[in-house]
Amino acid sequence: MTENLNSRNVEQYLIKNPEFLKSYLSKHGAPDITHKDGSHSEPSSPEIKIKRLPNFTSGRINSITTSIFKKYVEGNLERIKKTSKDRNQLLSMSEDEVFMELIRDISTELDVNVLCHKILKNVSILTRSDRGSLFLVRGSKDNRYLVSKLFDVTEVSTISESLHTEETEIIVPFGRGIAGFVAESKDTVNIKDAYEDPRFNKDVDLKTGYRTHSILCMPILNYEGEVIGVAQIINKVTGNHEFTKQDEEVFRKYLIFCGIGITNAQLFELSVQEYKRNQLLLNLARGVFEEQTSLERLIQKVMLDSQDMLKCERCTVYLTEDSTNKGGKNLTGMFAKILKKRFYKLLALAVHQDPHSEDDQVQVKAKPTSTKDVLFSMAFDLHAKDGGNIRIPSAAEVANSRNAEIARHVVLKGTPVNVSEIEIESMFGKVVGFEEDGYKTKNMLCMPIFNNEKKIIGVTQLVNKLNGVPFNENDANIIEAFSIFTGLGIHNCQMYENACRLMAKQTVALEVLSYHATAQQDETDKLVSSEFPTGQEIGLYTFEFNDIPLDELETVKCTITMFTEANLLAEFKIPLEVMCRWTLSVKKNYRPVTYHNWRHAFNVTQTMFTILYTGGLIKKFEGLEVLGLLVACLCHDLDHRGTNNAFQVKVASPLAMLYSTSVMEHHHFDHCIMILNSEGNNIFQSLSPAQYRNVIKMLEHAILSTDLALYFKKRGDFQKLVQSGETEYQDPYKKDLLKAMMMTACDVAAITKPWEIQEKVAQLVANEFFEQGDKERSELGETPMAMMDREKKDELPKMQVGFIDAICLPIYKMFAEMNQKLSPLYDGVLDNKKHWQQLADIHEHEETEPVQSSPTPEQNGISQKPDSKELKRKDLDGQCEKKGSKVTNSKKTQFCILL
């Protein structure tokens with residue numbers, strides 16, 4: 001039947017049936033297959049011109065219509081059910097009929113797997129072979145290999161039985177085995193006895209129990225003569241069980257059509273992939289413009305929209321510190337330049353500008369030299385098994401993640417990384433693939449995310465492809481598009497957030513301008529010409545120092561005295577006039593609130609002065625550090641509004657928009673920088689650039705440390721140092737920890753003063769808290785917390801005891817253990833606790849004591865004076881120390897809120 005099937009016969013058939021050729025070309029012919037006149041009209045001769053390279057940009061559209069294409073992509077294409085020819089039917093057909101059947105299959109079947117399965121099945125019948133297999137070429141030009149697509153196809157096997165997926169496929173390198181040899185050499189191999197050929201791998205027979213005798217293996221070539229696959233048939237079941245030349249001819253002719261089908265199917269598959277990729281890009285673009293108010297929501301939206309295309313077990317997006325800057329310190333662009341020119345003196349705090357540099361000079365961050373220099377501020381982790389839920393790992397998890405270490409490597413090198421399990425082990429160590437949660441990394445694809453300035457602001461990381469095979473070039477193209485749009489989205493979010501932040505900063509600047517001003521020249525001159533008391537005369541070196549008898553001017557003079565006797569003016573060449581003007585400006589920039597005012601700042605500074613000199617801690621610090629600590633104490637509550645951080649967030653104040661954490665503390669620091677940058681107020685004017693940067697850094701650290709939320713985080717580490725007998729504190733981290741604890745100890749030091757001073761200060765604190773509580777009740781319609789509720793003022797002595805136990809006693813006890821000279825602070829807290837406990841007991845006793853119905857002394861005409869305890873209870877109604885709250889750990893948050 002197939003003996004006369006050759007190219008000449010096919011040509012004669014087409015000449016005799018021109019209508020068939022015309023119909024076939026109109027339906028399935030590519031635009032580059034034309035007659036000499038360029039038309040698809042009926043040919044007058046068999047001469048057909050075939051261009052070597054197809055031109056897909058001209059001519060007709062692809063034969064697959066738009067509707068069919070969309071149905072195929074969406075999985076709604078109805079497959080035409082055809083009855084396969086059995087052995088008898090196929091053997092009874094003529095050669096022309098066999099090839100017509102094959103042509104119809106190619107024209108109607110879009111699935112290359114189904115088509116090739118049918119071809120192999122027919123070949124097995126026509127050549128009387130037992131079974132056949134199909135291998136396709138994969139990999140790059142430099143690293144090509146074969147993968148089994150259809151394996152052990154027999155005339156009775158189904159496609160589901162023979163089809164190998166990416167999870168079950170067999171990989172054969174070029175040049176290895178019979179199939180690999182054929183792929184590399186492009187030669188036909190006809191082996192009569194497989195076991196006598198050294199290229200044959202007997203292990204397959206040993207595993208399956210099948211005995212291979214004869215093999216016929218041929219390459220499948222595309223129109224450019226490149227190998228795109230290898231097909232082989234095994235064990236002829238008739239005659240001498242050897243494949244003949246006629247079998248080779250039949251096999252070769254069928255493989256020509258098989259090659260056409262594979263090429264068309266691969267082109268179609270690329271079209272589908274490109275279509276899906278374009279749809280992904282459109283969705284990502286839509287998401288970028290729909291969500292630009294929140295960086296976190298944008299990243300989550302982009303990841304969820306891309307989930308179907310990424311096809312991996314885990315997708316993580318790491319963002320560097322530059323991409324999530326929320327402190328407002330790196331503002332750039334037109335908005336920043338305009339506002340800097342208009343409000344430079346007040347907005348200098350936004351850029352922390354060095355007075356020794358030019359106004360527009362920008363400090364460029366050094367390029368990282370190792371993965372330790374790469375810091376991720378945030379990460380988004382998407383697990384396929386979690387059903388699309390995105391988790392945000394903690395900073396500790398990101399720091400310890402071994403996958404994050406590979407992402408840091410990508411940031412360092414600036415190039416994508418596509419690694420398998422073996423490559424991961426060779427590059428990063430054998431255990432690097434295991435995360436702390438037991439997750440196993442088998443293969444990984446990482447792509448850097450760039451911003452508009454070509455700087456890396458993050459990394460996209462895909463882990464473990466769902467089908468278990470390594471990531472390929474198509475995956476790299478998808479993740480590249482994903483990363484581009486992620487970078488674009490981050491840039492848009494940053495622009496939007498920066499604009500909002502700059503407008504908030506402008507609002508704050510205008511508010512500050514309307515209220516505060518630099519000290520007047522006549523005030524400065526008067527202070528410069530006055531006499532300053534000595535520290536010994538006024539008692540500045542004592543822990544029992546009392547500022548109440550002093551007037552406002554005297555507190556300013558005492559401040560100058562502390563800086564003078566600390567030798568700071570002489571050591572750092574601070575002119576007395578500048579020192580006086582700066583001190584007066586700081587005092588003027590404290591609002592006349594009930595407690596967090598100038599006098600509180602002055603007392604905190606005096607306590608720091610006493611701890612350093614009377615407490616003996618001065619030996620642990622250099623002169624610049626002493627200067628930074630005293631300046632930080634004096635400025636730590638600048639422009640305090642008498643309300644805490646929680647209140648600022650509740651009312652959505654411009655400050656709350658400007659700072660995401662430690663709202664008031666950040667504002668105090670920025671206000672401190674603003675005063676320093678005001679004309680005639682820079683007490684750091686004689687410092688070198690390096691000293692200036694260091695002291696500014698110390699100021700920020702010290703002022704932010706007054707946030708009790710940070711105190712609770714650091715207290716445990718400080719306690720370990722004290723218990724271990726640490727005395728030097730020369731290590732940078734240990735010294736910063738000591739400074740932070742000293743700031744807190746000074747900030748709440750009113751609790752250590754003699755009772756006569758403590759009860760008066762407590763009244764001031766309580767009144768300020770009640771004022772905030774009144775605002776919350778009247779302006780927000782909320783019931784304030786007990787500490788700020790006037791209606792619950794009788795409970796304050798008990799809460800004050802809780803405040804002492806939870807916050808004050810631990811820190812002062814640690815300082816007393818560290819240095820016996822600081823014991824007066826601890827003793828003062830213990831003494832005040834006794835007084836507060838007595839008042840709490842009196843209140844509790846009155847609450848539980850039954851009411852007597854006997855007439856009062858006044859009713860009997862007897863004048864009755866309250867006893868001393870009653871007087872104390874009434875005097876201390878509503879009193880509470882700063883940051884007071886209850887003692888249990890579960891209520892530490894309450895203490896933090898009070899700040």
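Nothing here was measured: the structure is a model prediction, and the numbers come from that model.
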Is there side-chain contact between V604 and M608, with at least one heavy-atom pair below 4.5 Å? no
Answer yes or no: is there a donor N or O on one side and an acceptor on the other, between the side chain of E795 and the main chain of A786, under 3.5 Å? no
Which heavy atom in A601 sits nearest to a heavy atom in H636, and how many Å separate them? CA-CE1, 4.2 Å
SG of C746 to CD of Q606, rounded to nearest 0.5 Å, is 9.0 Å
Is there a side-chain hydrogen bond (donor to acceptor under 3.5 Å, both in side chains) between Q763 and N767 once you walk through the steps? CA-CA 6 Å; Q763 184 65 58; N767 288 341; 3.0 Å; yes
Does the pair Y812 and L822 meet the rule for a side chain to side chain contact (heavy atoms under 4.5 Å, CB included), with working shown? CA-CA 8 Å; Y812 292 121; L822 299 176; over 6 Å; no
Run E782 and K650 through salt bridge (charged side-chain N to carboxylate O under 4.0 Å, His left out) and show every step you take. CA-CA 11 Å; E782 297 180 358; K650 285 181 181 178; 3.2 Å; yes
Quick check on side-chain hydrogen bond (donor to acceptor under 3.5 Å, both in side chains): which of E768, Q648, H596 does T643 satisfy it with? Q648
Going through the checks in order, is the salt bridge (charged side-chain N to carboxylate O under 4.0 Å, His left out) test met by E726 and K720? CA-CA 9 Å; E726 175 67 37; K720 291 178 182 178; over 6 Å; no
Any donor and acceptor pair, going by atom type alone, linking the side chain of T744 with main-chain N or O of Y711 inside 3.5 Å? no
Taking atom OG1 of T706 and atom CG of L704, what is their separation to the nearest 0.5 Å? 7.0 Å
So E544 and T752, do their side chains get closer than 4.5 Å, heavy atoms only? no
Side-chain touch F602/T605, heavy atoms, less than 4.5 angstrom: no
Would you check if the distance from the ring center of F815 to the ring center of F718 is below 6.0 Å? yes
Looking only at atom types and distance, does a side-chain atom of D747 sit under 3.5 Å from a main-chain N or O of M743, one as donor and one as acceptor? no
I want to check something: taking the side chain as every heavy atom from C-beta on, are D789 and F770 in contact at a cut-off of under 4.5 Å? no
Using salt bridge (charged side-chain N to carboxylate O under 4.0 Å, His left out), reason through E552 and R599 one step at a time and then give a plain yes or no. CA-CA 8 Å; E552 296 293 298; R599 282 191 176 267; 3.1 Å; yes
Decide side chain to side chain contact (heavy atoms under 4.5 Å, CB included) for F545 and T610; before the verdict, give the C-alpha distance in whole Å, the side-chain angles of both, and the deciding distance to 0.1 Å. CA-CA 9 Å; F545 175 78; T610 307; 5.9 Å; no
Might you work through the side chain to side chain contact (heavy atoms under 4.5 Å, CB included) test for F609 and I618, ending with a clear yes or no? CA-CA 9 Å; F609 182 80; I618 188 65; over 6 Å; no
Using the side chain to side chain contact (heavy atoms under 4.5 Å, CB included) definition, which of the options N677, V586, I696, L638 pairs with C672? L638
Hey, is the main chain of V649 close enough, under 3.5 Å, to the side chain of S653 for a donor-acceptor pair? no
Least distance between heavy atoms, P824 atom then K821 atom: CD-O, 3.4 Å
Rounded to the nearest 0.5 angstrom, the OG-CE distance for S705 and M698 is 13.0 Å
Main-chain N/O of H640 paired with D637 side-chain donor or acceptor, under 3.5 Å: no
Donor-acceptor under 3.5 Å (K775 side chain, F647 main chain): no
Determine, stepwise, if the pair M788 / R777 fulfils side chain to side chain contact (heavy atoms under 4.5 Å, CB included). CA-CA 10 Å; M788 299 183 179; R777 196 185 300 276; over 6 Å; no
H666 (side chain) donor-acceptor with S662 (main chain) under 3.5 angstrom: yes
Point-to-point distance, once rounded to the nearest 0.5 Å, from CG of L617 to NZ of K739: 12.5 Å
Is the shortest distance from a Lys or Arg side-chain nitrogen in D639 or R641 to a carboxylate oxygen in the other one below 4.0 Å? yes
Salt bridge (charged side-chain N to carboxylate O under 4.0 Å, His left out) between E397 and R391: does it pass, once the steps are laid out? CA-CA 12 Å; E397 288 178 299; R391 191 176 68 91; 3.2 Å; yes
Could you tell me whether the side chain of N645 and the main chain of M664 form a donor-acceptor pair under 3.5 Å? yes
So, Y595 versus F769, ring centres under 6.0 angstrom or not? no
CG of L612 to OH of Y541, rounded to nearest 0.5 Å, is 11.0 Å
Which heavy atom in L584 sits nearest to a heavy atom in A519, and how many Å separate them? CB-CB, 3.5 Å
For the backbone of G615 and the side chain of N819, can you confirm whether one donor and one acceptor N or O come within less than 3.5 Å of each other? yes
Side chains of M799 and M787 in contact at under 4.5 Å (non-hydrogen atoms): yes
Side chains of D831 and D827: does their closest heavy-atom pair fall under 4.5 Å? no
Shortest non-hydrogen separation from L540 to C558 and the atoms involved: CD1-O, 3.8 Å
The test is side-chain hydrogen bond (donor to acceptor under 3.5 Å, both in side chains); show your working for D717 and Y733 and say whether it passes. CA-CA 10 Å; D717 290 346; Y733 173 75; 2.8 Å; yes
For T594, does its backbone N or O pair with a side-chain atom of N597 as donor and acceptor, under 3.5 Å? yes
Between K735 and E625, is the closest basic N to carboxylate O distance under 4.0 Å? yes
Looking only at non-hydrogen atoms, find the nearest pair between A504 and M657 and report the distance. CB-CB, 4.2 Å
Do K833 and D805 have side chains that approach each other closer than 4.5 Å (heavy atoms only, starting at C-beta)? yes
Please report the closest heavy-atom contact between L796 and A766, naming both atoms and the distance. CD1-CB, 4.3 Å
Between SG of C635 and CG of L676, what distance do you get to the nearest 0.5 Å? 6.5 Å
Would you say that H835 contacts L839 through its side chain, given a criterion of any heavy-atom pair below 4.5 Å between the two side chains? no
